[in-house]
Visitor: 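Before I ask anything, let me first share the structure, which is written out below as structure tokens.
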Amino acid sequence: MKNDISEFHAEVCKTFAHFKRLGILNILKAGELTASEITKELGATKANTSQHLARMRMRGILKTRRDGTNIYSRMANDKLAEACNLMQDALAQISADAQRD
């Protein structure tokens, strides 16, 4: 079981290995949005945003709901936002430490 979790962890981390997907996570920390709203915030094309959203849904990172013709995306788990915040804080500290050295 432990190995399964480690493998899943590695796959999820691979999904986060693209700056636009990290941007999507940062955008969705405030709440659910449509693909069009995410596209506008991200400054990407609709097709590119849709590809990233699909990959994140397949990994279980995002969930969606339909309201009429709109499909809203949101984080599947609030702990993902916490994990992203922790990682950003740690990286900011590493960067600040490196600038002092």
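Below, each value reflects all heavy atoms present in this structure, side chains not excepted, and no hydrogens, waters or symmetry copies. Keep in mind it's a predicted model, so treat the numbers as computed, not measured.
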Visitor: Rounded at 0.5 Å granularity, tell me how far CG in Asn26 sits from CZ in Phe19.
Guide: 12.5 Å

Visitor: Group every Ile, Leu, Val, Met, Phe, Trp and Tyr by side-chain heavy-atom contacts under 4.5 Å, then state whether Phe16 and Phe8 land in the same group.
Guide: yes

Visitor: Could you report the tightest heavy-atom contact between Ala35 and Leu53, atom names first, then the distance?
Guide: CB-CD1, 3.9 Å

Visitor: From Glu41 CD over to Thr49 OG1, what is the distance, rounded to the nearest 0.5 angstrom?
Guide: 11.0 Å

Visitor: At their closest point, which heavy atom of Ala76 faces which heavy atom of Gly60, and how far apart are they?
Guide: CB-O, 3.2 Å

Visitor: Ile27 and Ile38: which non-hydrogen atoms are nearest, and at how many Å?
Guide: CD1-O, 4.1 Å

Visitor: Taking side-chain hydrogen bond (donor to acceptor under 3.5 Å, both in side chains) as the definition, give me every residue that meets it alongside Arg66, ordered by chain and number, with sequence neighbours left out.
Guide: none

Visitor: Can you tell if the side chain of Lys14 reaches within under 4.5 Å of the side chain of Arg59, non-hydrogen atoms only?
Guide: no

Visitor: Do Leu42 and Leu80 belong to the same hydrophobic cluster, where Ile, Leu, Val, Met, Phe, Trp and Tyr are linked whenever their side-chain heavy atoms lie under 4.5 Å apart, directly or via other members?
Guide: yes

Visitor: First locate atom CZ of Arg74, then atom CG of Leu62, and finally report the distance between them rounded to the nearest 0.5 Å.
Guide: 9.5 Å

Visitor: Quick one: pull up CD in Glu11 and CE in Met58 and give me the separation to the nearest 0.5 Å.
Guide: 10.5 Å

Visitor: Does some side-chain heavy atom of Leu25 sit less than 4.5 Å from a side-chain heavy atom of Met56?
Guide: yes

Visitor: For Asp97 and Gln93, which I'm curious about, is there any donor-acceptor pair between the side chains at under 3.5 Å?
Guide: yes

Visitor: Is any side-chain heavy atom of Asn85 less than 4.5 Å from a side-chain heavy atom of Lys29?
Guide: yes

Visitor: Kindly give the heavy-atom pair with the smallest separation between Ser73 and Leu28, and that separation in Å.
Guide: O-CD2, 3.5 Å

Visitor: Taking the side chain as every heavy atom from C-beta outward, state whether Ile61 and Arg21 have any pair of such atoms under 4.5 Å apart.
Guide: no

Visitor: Nearest 0.5 angstrom please: Asp89 CG to Met87 CE, how far?
Guide: 11.0 Å

Visitor: Treating Ser95 as the side-chain partner and Leu91 as the backbone partner, does any N or O pair qualify as donor plus acceptor under 3.5 Å?
Guide: no

Visitor: Starting at CG of Leu33, measure out to OH of Tyr72 and round the result to the nearest 0.5 Å.
Guide: 9.0 Å

